[in-house]
Amino acid sequence: MKRKVTLKQIAKELDVSISTVSKSLKDSPEISEDTRQKVRAFAKLYNYKPNLIALSLKNRKTKTICVIIPEIIHHFFATVISGVERVANEKGYNVIVCLSDESFDKEVINMEMLANGSIDGFIMSLSKETQLKKDFHHISEVISQGMPVVMFDRVANDILCDKVIIDDNLAAFEAVQFLINKGFKKIALISTVDYVSVGKLRTEGYLKALRSNNIAINEEFILKVENMDNCSDQIEALLLKNSFDAIFAVNELFAVTAIKLAKKLSLKVPEDISIIGFTDGMISKFSSPSITTVSQNEIKMGEKAATMLIDRLENEDEDEEHYKTEVIETNLVERESTN
């Protein structure tokens, strides 16, 4: 089966512009007969079919972009959307939000439903199931059809597109180092399963900090949660089974759950156990005690993602794709949960 080709690939193979290929296929008299014949012959050989998505993008801009997020309960994703909206609205674009609910199938359906000219481009963070399956065909197809995609937070290195991330490994390392500098050596980790990219990177940062300080890694101090619905039982079991003096949690829900369960078990925070979370949201600010946390600068992440997508939408003359990965700086916000 011959591979599917695009106007861009035909232009590259024949060393002509995309415009020349397009006009040749439309039999434009502006192009020489010799060039037209070459283009048509090449297109026929590779069974070229006009790309309806690309045509709709070229002919009818919707001035609408779609943000696909895995879930809405985290303050992080809601705040990223605020950043996207701020930039998009300033530039005359509307934003619609789709929820994948951590489901690969829903993510695929959302993209297929909207990649028909309903929107101009996607900003997305991958679902947990998509990362587990490592199946990104739906994203590759959308990009190959001429629709730009910007990934943020949970990204796939296999997909060539613009990305906005933080240095999860470094942010976790610095958070754990902060605890070590305060004299803690028995530090537990509450993380996600490793196939969730950010959880894996934050776990690596935690381990790196321990190794850098010659602190032995105790596997019993490490909890990897797959299902948020039963995380309370797992965190309570961790607290009951082990004796440690600090916890690094990779999101604020894990952190606030640990605080709640510590109180239930008559452990005082931070007197008996210090806790650091991730994401500087409302939960971290108004928990009792308030939570020391890693701020991911979510507004800035959303603004950057929207800027990158809109720049690509409004700069269509580039023949070569030069994708960028922007790294947003993080900072540690110290509050009451660490002594």
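Owing to the predicted nature of the structure, the values given are computational and were not obtained by experimental measurement.
- Using modelled atom types and a 3.5 Å distance limit, the side chains of Q177 and N213 yield a donor-acceptor pair.
- Among V164, L126, I165, V198, the single residue meeting the side chain to side chain contact (heavy atoms under 4.5 Å, CB included) criterion with D153 is V198.
- I215 and F178 fall within the same hydrophobic cluster, where Ile, Leu, Val, Met, Phe, Trp and Tyr residues are linked whenever their side-chain heavy atoms come under 4.5 Å apart, directly or through other members.
- Cluster annotation: M301 is connected to I65 through the hydrophobic network of ILVMFWY side chains, with a link wherever side-chain heavy atoms come within less than 4.5 Å.
- E204 has a carboxylate O that lies under 4.0 Å from a charged side-chain N of K200, or vice versa, which qualifies the two as a salt bridge.
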F254 vs I247, side chain to side chain contact (heavy atoms under 4.5 Å, CB included): CA-CA, chis, key distance, verdict: CA-CA 10 Å; F254 289 164; I247 294 174; over 6 Å; no
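- Within the 4.5 Å cutoff, the side chain of L189 has no heavy atoms near those of the F244 side chain.
- Between K38 and V16, the closest side-chain pair of non-hydrogen atoms is not below 4.5 Å.
- In terms of heavy-atom proximity, N110 sits nearest to L99 at ND2-O, 3.4 Å.
- Side-chain heavy atoms closer than 4.5 Å link hydrophobic residues (I, L, V, M, F, W, Y) into clusters, and following such links, even through other members, never connects F173 to L179.
- F104 and H137 have tilted rings, their planes meeting at an angle from 30° to 60° on a 0 to 90° scale.
- The distance from the CD atom of E107 to the CD atom of E129 is 9.5 Å, given to the nearest 0.5 Å.
- Evaluation of the salt bridge (charged side-chain N to carboxylate O under 4.0 Å, His left out) rule for K163 yields no partner, not counting sequence neighbours.
- Residue-environment remark: NZ (K268) stays at or below the threshold of 12 foreign heavy atoms within 6.0 Å.
- Side-chain atoms of N297 come within 3.5 Å of backbone N or O of E329 as a donor-acceptor pair.
- S284 and E252 share a donor-acceptor pair across their side chains, judged by distance under 3.5 Å alone.
- Formation of a donor-acceptor pair under 3.5 Å by the S22 side chain with backbone atoms of I18 is not found in this model.
- Annotation: K324, atom NZ; neighbour count of heavy atoms from other residues, nucleotides and ligands within 6.0 Å does not exceed 12.
- Salt bridge present: R202 and D168 bring a charged side-chain N and a carboxylate O closer than 4.0 Å.
- Heavy-atom contacts from other residues, nucleotides or ligands closer than 6.0 Å to CD of Q37 number more than 12.
- S103 contributes a side-chain N or O that, together with a main-chain N or O of D105, makes up a donor-acceptor pair within less than 3.5 Å.
- Residues that satisfy the salt bridge (charged side-chain N to carboxylate O under 4.0 Å, His left out) test with R36, not counting sequence neighbours, are D27, E33.
- Residues T20 and L14 form no side-chain contact, since every pair of their non-hydrogen atoms from C-beta on lies 4.5 Å or further apart.
- Other residues, nucleotides and ligands contribute at most 12 non-hydrogen atoms within 6.0 Å of the NZ atom of K185.
- Cluster membership check: L239 shares its hydrophobic cluster with V225, using side-chain heavy-atom separations under 4.5 Å among Ile, Leu, Val, Met, Phe, Trp and Tyr.
- With rounding to the nearest 0.5 angstrom, the OG atom of S243 is 9.0 Å from the CG atom of L267.
- Closest of all the heavy-atom pairs between S127 and S100 is CB-OG, 3.5 Å.
- Within a 6.0 Å sphere centred on NZ of K304, other residues, nucleotides and ligands contribute 12 heavy atoms or fewer.
- In this structure, K186 contributes its side chain and N218 its backbone to no donor-acceptor pair below 3.5 Å.
- For the pair E102 and R154, the salt-bridge criterion is met [side-chain N within less than 4.0 Å of a carboxylate O].
- Interatomic distance, F248 CZ to T203 OG1, rounded to the nearest 0.5 Å: 8.0 Å.
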Pair E298-F152, side chain to side chain contact (heavy atoms under 4.5 Å, CB included): steps then yes or no: CA-CA 10 Å; E298 303 94 332; F152 73 95; over 6 Å; no
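- Exactly one of K260, K241, K264 qualifies for a side-chain hydrogen bond (donor to acceptor under 3.5 Å, both in side chains) with E236. That residue is K264.
- The line from CG of D158 to CG of D135 is 11.0 Å long, rounded to the nearest 0.5 Å.
- With contacts defined as side-chain heavy-atom distances shorter than 4.5 Å, the pair I283/H75 does not qualify.
- Within the 4.5 Å cutoff, the side chain of I276 has no heavy atoms near those of the S337 side chain.
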Apply side chain to side chain contact (heavy atoms under 4.5 Å, CB included) to residues Q296 and D280 and explain how you reach the verdict. CA-CA 7 Å; Q296 295 167 266; D280 186 23; over 6 Å; no
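- For D15, the CG atom is loosely surrounded, since the number of other residues' heavy atoms within 6.0 Å does not exceed 12.
- Listed for the E336 side chain is a donor-acceptor partner under 3.5 Å among the backbone atoms of S290.
- No continuous path of hydrophobic side-chain contacts links Y93 to I299 [ILVMFWY only; heavy atoms under 4.5 Å].
- Rounding to the nearest 0.5 Å places CD1 of I235 at 4.0 Å from CD1 of I190.
- In this structure, CD1 in I187 is found 12.5 Å from CD1 in I275, a value given to the nearest 0.5 Å.
- Although no hydrogens or angles enter the test, the distance criterion places no donor-acceptor pair under 3.5 Å between the side chain of S274 and the main chain of A246.
- Salt-bridge check for K182 with E334: passed, with a basic side-chain N closer than 4.0 Å to an acidic carboxylate O.
- Using a 4.5 Å heavy-atom cutoff, the side chains of L25 and V39 are in contact.
- When all heavy atoms of D120 and P148 are compared, the pair lying nearest together is O-CD, 3.5 Å.
- Among all heavy-atom pairs drawn from K224 and Q234, the shortest one is O-NE2, 4.1 Å.
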Applying side chain to side chain contact (heavy atoms under 4.5 Å, CB included) to L160 and I143, what does each step give before you reach the verdict? CA-CA 9 Å; L160 292 177; I143 294 169; over 6 Å; no
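- For M282, the CE atom is loosely surrounded, since the number of other residues' heavy atoms within 6.0 Å does not exceed 12.
- By the 4.5 Å heavy-atom criterion applied to side chains, M147 and V149 are not counted as neighbours.
- Among all heavy-atom pairs drawn from S24 and T35, the shortest one is OG-CG2, 4.1 Å.
- Applying the 6.0 Å contact sphere to NZ of K300 captures no more than 12 heavy atoms from other residues, nucleotides or ligands.
- Using a 4.5 Å heavy-atom cutoff, the side chains of Y206 and S191 are not in contact.
- Between R335 and I291 the shortest heavy-atom distance is NH1-O, 3.1 Å.
- With 3.5 Å as the limit, one finds a donor-acceptor pair spanning the side chains of Q131 and S197.
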